[in-house]
Amino acid sequence: MAGGILDTIGLLTVVVFAVPVALFGAEHLLRGEFVAGVGFLGIAAGMIAIERYLVTPTDVPAIAAEKTVGAVAKTDDPDEDE
């Protein structure tokens with residue numbers, strides 16, 4: 001899935017919030033608290049996965065426009081002929 005600059009900034013923002021949670025989980029794992037460590041690592045991974053793969057209402061117009069433009073304007077790719 002190709003993303004634009006706004007998608008990249010959004011993902012970066014989520015990663016900034018997920019990294020401390022992941023480090024907290026890693027710290028718990030190092031102390032031997034397996035359940036808490038895995039739980040916090042799962043929360044951090046879930047934060048990133050939700051942002052990356054969840055379609056929100058603000059994404060719907062962009063997806064519709066992308067499909068419409070793709071159907072109307074076909075581009076000739078010289079690499080496609082090979």
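Position 1 is the first residue of the sequence, and the numbers go up from there. Being a predicted model, the structure only gives us computed values, none of them experimental.
Put simply, the side chain of Leu29 reaches to within 4.5 Å of the side chain of Leu41, judged on heavy atoms.
Val19 and Val14 fall within a single hydrophobic cluster, where Ile, Leu, Val, Met, Phe, Trp and Tyr are joined by side-chain heavy atoms under 4.5 Å apart, directly or via other members. Met47 and Ile50 fall into different hydrophobic clusters, where Ile, Leu, Val, Met, Phe, Trp and Tyr are joined by side-chain heavy atoms under 4.5 Å apart, directly or via other members. Phe24 is connected to Ile48 through a chain of hydrophobic side-chain contacts under 4.5 Å among Ile, Leu, Val, Met, Phe, Trp and Tyr, so both are in one cluster.
Applying the salt bridge (charged side-chain N to carboxylate O under 4.0 Å, His left out) test to every pair with at least one member in residues 37-46, sequence neighbours left out, gives no pairs at all.
Rounded to the nearest 0.5 angstrom, Ile9 CD1 and Thr13 OG1 are separated by 7.5 Å.
The nearest pair of heavy atoms linking Ala44 to Ala18 is CB-O, 3.5 Å.
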Quiz: residues 32-39 side-chain donor-acceptor pairs under 3.5 angstrom, not counting sequence neighbours:
from: Glu33; atom 1: OE1; to: His28; atom 2: ND1; distance (Å): 2.3

